[in-house]
Amino acid sequence: MSIVSYELNGDIGIVRINNPPVNALSHQVRKGITEAIEAAGTDTSRAIVLACEGRTFIAGADITEFGKPPQSSSLPDMLLAIEASAKPVIAALHGTALGGGFETALACHYRCAMATARVGLPEVKLGLLPGAGGTQRVPRLAGVEAALDLITGGNPLPADTATRLGLVDRVFADGDLLAQAIDYARELVAEDAPLKRVRDINIDPQTAPAELFEGYRKKLAKRARGQLAPQHIVSCIEAAVTQPMDAGLQTERQLFIECMQSPQSAAMRHLFFAEREAAKVRGLDRDTPVRGIRTVGIIGGGTMGGGIAMNFANAGIPVTLLELDDDALQRGLGIIAKNYATTVKKGKLTEAESGRRQSLIGGSTDYRDLAEVDLVIEAVFENLDIKKQVFTKLDTVCKPGAILATNTSYQNVDAIAAATARPQDVIGLHFFSPANIMKLLEVVRAEKTAATVIATAMKLAKTIGKIPVLSGVCYGFIGNRMLRYYGREAQLCLLEGCTPEQIDTAMQNWGMAMGPLAVGDLAGLDIGYKARQGLSEAEKGDPKTYAVADMLVEMGRLGQKSGAGYYQYDPETRARTPDPAVLEVVEQQAAKHGVKRRLFEDEEIVNRLIFALVNEGAKILEEGIAQRAGDIDVVYVYGYGFPAARGGPMHYADSLGLKQVYETVCKFRDQYGAENWEPAPLLERLAGEGGTFAAWQK
Ligand code: 3HC
Ligand code: NAI
């Protein structure tokens, strides 16, 4: 079947698009639709239905064409042709009508949809704005506030909400979409329904005063710090109110092109593809069989175990949570109940749904209750001996073929697997805290992990709404191994002259979701402290890199949970304030370690912390711990609050040019010593060759 086909069904012309996997608007699709609309204009049809084959209506412009020379016909031209049609054009939506796909539907005169369809303008997630009339047509149909929410948020709406907002005209509960769309078209013809062109709607300026836009600009400056696209979206929607349609379209086009050419959009488009690449395991056959995961056991109902259990319950998979004793179990279940109650209170979940999900989480203190589960995830204390004991027990009770996973942050998964007689079934599934919210899942392949177990884990991640990244075994896997060096530099900057707030503010202004010391306070400073207790002096490294952190813990300053860490916290609001006592500790430790304090520029703080990540990332890449540079970027954006608009540490380094990064690392080596700043061999090589991490292949 051709990519776009046109046929007559009685008096209805049918334009059908068939461009798998998601019917993206490639140049051939645009050309095909334009030609079909032209053909329909001159035949005996009285109305035209635009529908798609496969799993979805058009899911957007073809992102792979971005950044390449444009080919005619352009999307805006195609939409003008649809809108100008003298015969009504009816879009028939199923799956996800997104971006340019939804804009195509909006240029049609009527829209019908399956109840399961979702519509939206997710361009903002690619650092873009809808560039084909979305910012002009949505406010005309749905009102300015709804348009601002939809387009700056980027999240799709279900068909019924879209109908309520006036974005969709007719919804079909079930049945055959095309047949119903044709009936709907005939109904419109019979009624002599008008050609409803969205451009003809005028927005009452009273509904959208200038303060409304200012309010959004301020809100977005906070929510999407430093991002261009959300601010431009507000300007486009404002233009929909203050300018006639064609002028508004021009404003939109101009700002769209500005966004498209920005490094921010390049970074976010890189992430879009990196996220999808990361799910693919090199060397693993596409047809590798996967095991069914119908029931799950989780060992340890603490911070992580509870959150992990919620993931499965949210996906409809029953969980048995196993704890040491009944008290610990009730505590764990209690925290889960509280988390669900908070979600209900925020209006994000109904009481009934919350109850249904919680009913899927059972508790136990008896390993025999795990005999039949398909997957066990261990989340007990971070101690290798305890973990080995748990796995030895699991080996005796779990059915053959059950997958045995550990959520360890640092321990050697090979050693854990060796505590069983079935190392092929053992894998690391490293969730991030809070586990019910954070999107990242590091899937850790141990030496003997079977291909089917890896394939199952990658698929399972998608089922529970996670983004999986494969990691090899090493201390800290991809994310935490790199974090160590980022944290080291934060500690050294502190000792050498910074205040905690200077470091956190510099990193936050650069785009990190939170500064490193505020993150430490949130996670609990005792976690790192305890982890260090298990290491030899050599493993702990330079005492300067943990002197302040250790001191704070020994003073009882464990972070937010104890009301004080690097900052002081208001017990009610958790608002943080700087604490002179911390500066005293820092100064004392600097003197003790012979470090002279000096003034810092923010740029140095950022470069030291970020290039420490990049340098370690280069080692991880060359060692094959990560499959590709993009995987490291996905880990940092989805697991550590790295700004998406900078594309992840490796993309950021590529975008600066590796020569510049290498030279700065060499400068740091000369200034601070080779012990911390020896350039990674891969960085050095690629800088010399003019290469990039993205293009490098092991
Ligand atoms: N262009 C090119 N390729 C696309 C694409 C697009 N718009 N959308 C998806 N793909 C590709 C993916 O890269 C993936 O390729 P792969 O199999 O080789 O890895 C394949 O299609 C399947 O995608 P998913 O794995 O994401 O499939 P899902 O079923 O999980 O999700 C989806 C489907 C919800 C449509 C999701 O792919 C998605 O969100 N796509 C992007 C939608 C989007 O951002 N559209 C706006 C584009 S910008 C635009 O339209 C500008 C306009 O305003 C001018
Ligand atoms: P936690 O201390 O909050 O919870 C551990 C739970 O395990 C406790 O409730 C304890 O009673 C239970 N437990 C201990 N031994 C047990 C046993 N033998 N059988 C059954 N239950 C047992 O610890 P947390 O933070 O949940 O960490 C768990 C694991 O997850 C650790 O390996 C940690 O490294 C890892 N992890 C922690 C993250 C975090 O941010 N807290 C992030 C990612 C991984």
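Along the sequence shown, the residues carry numbers beginning at 1. Every number for a ligand or one of its atoms is a count from 1 in the order of the listing.
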Looking at non-hydrogen atoms alone, which of [options] comes nearest to [atom]?
| atom | options | value |
| --- | --- | --- |
| atom 34 (C) of ligand 1 | Thr96, Leu79, Ile58, Leu121 | Thr96 |
| atom 1 (N) of ligand 1 | Leu128, Ile63, Thr135 | Ile63 |
| atom 30 (O) of ligand 1 | Lys462, Arg276, Arg253 | Lys462 |
| atom 17 (C) of ligand 2 | Asp325, Leu324, Asn407 | Leu324 |

Can you report which non-hydrogen protein atom sits closest to [atom], along with the distance?
| atom | answer |
| --- | --- |
| atom 31 (O) of ligand 1 | Arg55 NH2, 4.3 Å |
| atom 11 (O) of ligand 2 | Glu323 OE1, 2.8 Å |
| atom 40 (O) of ligand 2 | Ser433 CB, 3.3 Å |
| atom 31 (C) of ligand 2 | Val380 O, 3.2 Å |
| atom 5 (C) of ligand 2 | Ala379 O, 3.7 Å |
| atom 27 (O) of ligand 2 | Met304 CG, 3.9 Å |
| atom 9 (C) of ligand 1 | Val22 CG2, 3.5 Å |

Does [X] approach ligand 1 within less than 4.0 angstrom via side chain, backbone, both or neither, non-hydrogen atoms only?
| X | result |
| --- | --- |
| Pro21 | side chain |
| Ala61 | both |
| Lys125 | neither |

- [ ] May I ask you to say whether Lys280 pairs ionically with Glu277, meaning some side-chain N is under 4.0 Å from a carboxylate O?
- [x]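 Yes, charged N to carboxylate O under 4.0 Å.
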- [ ] Measure from NZ or CZ of Arg269 to the centre of the six-membered ring of Phe273 and say whether it is under 6.0 Å with the direction within 45° of the ring axis.
- [x]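 No, a cation-pi geometry is absent between Arg269 and Phe273.
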Atoms of ligand 1 close to [X] [distance to a heavy atom under 4.0 angstrom, numbered from 1]:
| X | answer |
| --- | --- |
| Phe273 | 13 (O) |
| Phe272 | 8 (N), 9 (C), 13 (O), 40 (N), 41 (C) |
| Gly99 | 46 (C), 50 (O) |

TODO: For atom 23 (O) of ligand 2, decide whether some protein heavy-atom distance is shorter than 4.0 Å.
DONE: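 No, there is none.
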Open item on the list: Determine whether any protein heavy atom is located less than 4.0 Å from atom 15 (O) of ligand 1.
Closed with: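 When distances to the protein are checked, atom 15 (O) of ligand 1 has no heavy atom within 4.0 Å.
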- [ ] Answer with yes or no whether Lys387 contacts ligand 2, where contact means a heavy atom under 4.0 Å from a ligand atom.
- [x]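 Right, Lys387 reaches ligand 2.
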Task: Sub-4.0 Å heavy-atom contact, Phe431 with ligand 2 - done: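 Checking ligand 2 against Phe431, which is what was asked, there is a heavy-atom contact under 4.0 Å.
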TODO: Could you tell me the separation between the CZ atom of Arg253 and the OG1 atom of Thr135, rounded to the nearest 0.5 Å?
DONE: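 Going from the CZ atom of Arg253 to the OG1 atom of Thr135 covers 11.0 Å.
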Task: Under 3.5 Å: N/O of Phe66 near N/O of ligand 1 - done: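 Looking only at distances, the answer is no, because the N/O contact criterion of under 3.5 Å is not met.
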Open item on the list: Tell me whether Arg118 at atom CZ has more than 12 heavy atoms from other residues, nucleotides or ligands lying less than 6.0 Å away.
Closed with: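 No, because the 6.0 Å sphere around CZ of Arg118 holds 12 heavy atoms or fewer from other groups.
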Open item on the list: Parallel, tilted or perpendicular, judged at 30° and 60°: which one describes the rings of His651 and His270?
Closed with: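 Taking His270 first and then His651, their aromatic rings lie parallel (interplane angle under 30°).
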